[in-house]
Amino acid sequence: MELKGTPVDHGYSMPPEWELHSGCWIGWPERPDNWRDHGVHAQRSFANVAAAISRFEPVNVCASSEQWKNARSLLPEQIRVVEMSMNDSWLRDTGPTFVVKNRITDTENRGSRIAGIDWNFNGYGGVDEGCYQDWSLDLLITRKVLEIEKLPRFPHSMILEGGSIHVDGEGTCLTTEECLLNKNRNPGLTKRQIEDELKSYLGVKKVIWLPHGLFGDNDTNGHIDNICCFVRPGVVLLSWTDDESDPQYERSVEALSVLTKATDAKGRKLEIIKLHVPGPLYMTYEEASALEQDGNATPRVAGMRLAASYVNFYIANGAIIAPQFGDEKWDDEALRVLSLAFPDREIVGVAGAREIVLGGGNIHCITQQQPSGP
Ligand code: KQY
């Protein structure tokens, strides 16, 4: 069902990721120009992420008709596998941004307590600058998920991917100028107009803009979910490097400076926790050669810097599902920092995150939480 007007008009807002979920949605990788060896390695990593999350909340994996049987065979029984066609498998960006109605005392409020925003999508920047040429199937994913769940839908004409926003549930949104103000997304909208849309769709009162995302995150033009996220209201984790010769250093320092000066919607200064990036990691020749690149997607070449960051984790009910890249030094350090940041949650590291980052994102990018609602 399509709802007219904005989520805020109807009393909805986007809850923070740490609020209770009724489940999680994940896609299934298969396109051979993005996932080496026809996705077999990435599929194992996606399956490990899905299995890890399913210990804490119900998981739905969406796989194409060609891949349904394979996905079913690689996933634990308790995971629901839904047949769904898609151009690629980033449900954070192509699935619904769920919003909930908080005003439980409102007697007029008889509708669903949960709805989904169906943002417009252009394959991460359109035909000339995006990741792939045809996103017609991705454009239908949100509608399909909401139909399966029988939830109302708020369509929006603005191009926006879920990985480009984080909210604290108390009125603040974090995002990057590099992505949201990029001319390959919404060239007709000013910064002020984009802020206004975020306010009336997410229910936020203040937007904190970081200038850039993670170095090397060219696929998404710097999604926020690789560089910075909320731990709880007033506290953020920031992708960091101590290596001044790494181009990431300048970006982390720049973000630190903005965050240090910022106040959130409640007027609080932010506590900033640094989370060191792995590597730096690069695509190898062997990895690049196992891709079948036919011109329908942006070339992925040996030597390219991988957009690898530990900030790209998923907050499940009672747990943090965190990427592990096989980096002897920084994998353990990330788990340590996350366990201090989230003392009440089990920290679950998932090995094989390199296979996901080879495709351009990580655990947060492939997941989409569905809130339980009030
Ligand atoms: O990181 C993400 N949210 C998605 C990355 C898309 C990459 C496509 N090659």
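Start at 1 and go down the list; that is how both ligands and their atoms are numbered.
- At least one N or O atom of Asn34 sits closer than 3.5 Å to an N or O atom of ligand 1.
- Between Ser89 and the options Pro29, Cys62, Ser64, a side-chain contact (heavy atoms from CB on, under 4.5 Å) holds for only Pro29.
- No donor-acceptor pair under 3.5 Å is formed between the side chain of Glu292 and the backbone N or O of Pro32.
- Of the heavy atoms in His223, only side-chain atoms (C-beta onward) come closer than 4.0 Å to ligand 1.
- Close contacts of ligand 1 with Asp219, meaning ligand atoms under 4.0 Å from a residue heavy atom, involve 7 (C), 8 (C), 9 (N).
- Each of the atoms 1 (O), 2 (C), 3 (N) of ligand 1 lies under 4.0 Å from some heavy atom of Cys365.
- Interface of Asp93 with ligand 1, defined as ligand atoms under 4.0 Å from a residue heavy atom, comprises 2 (C), 3 (N), 4 (C).
- Atom CZ of Arg268 has more than 12 neighbouring heavy atoms from other residues, nucleotides or ligands inside a 6.0 Å radius.
- Taking a cut-off of under 4.0 Å to the non-hydrogen atoms of Gly361, the atoms of ligand 1 that pass are 1 (O).
- Nearest protein heavy-atom contact of atom 5 (C) of ligand 1 is Gly360 O, 3.4 Å.
- Between Phe46 and Trp35, the ring planes lie perpendicular to each other; the angle is over 60°, past the 30° to 60° tilted range.
- Seen from the ring of Tyr132, Arg31 counts as a face-on cation partner, given the 6.0 Å and 45° thresholds.
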Show your reasoning for whether salt bridge (charged side-chain N to carboxylate O under 4.0 Å, His left out) applies to Arg192 and Glu195.
-> CA-CA 5 Å; Arg192 176 68 196 273; Glu195 275 201 9; 5.6 Å; no
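- Counting the atoms of ligand 1 from 1 in the order shown, those under 4.0 Å from a heavy atom of Arg300 are 9 (N).
- Residue Tyr124 has at least one heavy-atom neighbour below 4.0 Å for each of these atoms of ligand 1: 4 (C), 6 (C).
- Of all atoms in ligand 1, numbered sequentially from 1 with element shown, those under 4.0 Å from a heavy atom of Gly359 are 7 (C), 8 (C), 9 (N).
- The hydrophobic cluster containing Ile117 does not contain Ile159, counting ILVMFWY residues as joined when their side-chain heavy atoms lie under 4.5 angstrom apart, directly or transitively.
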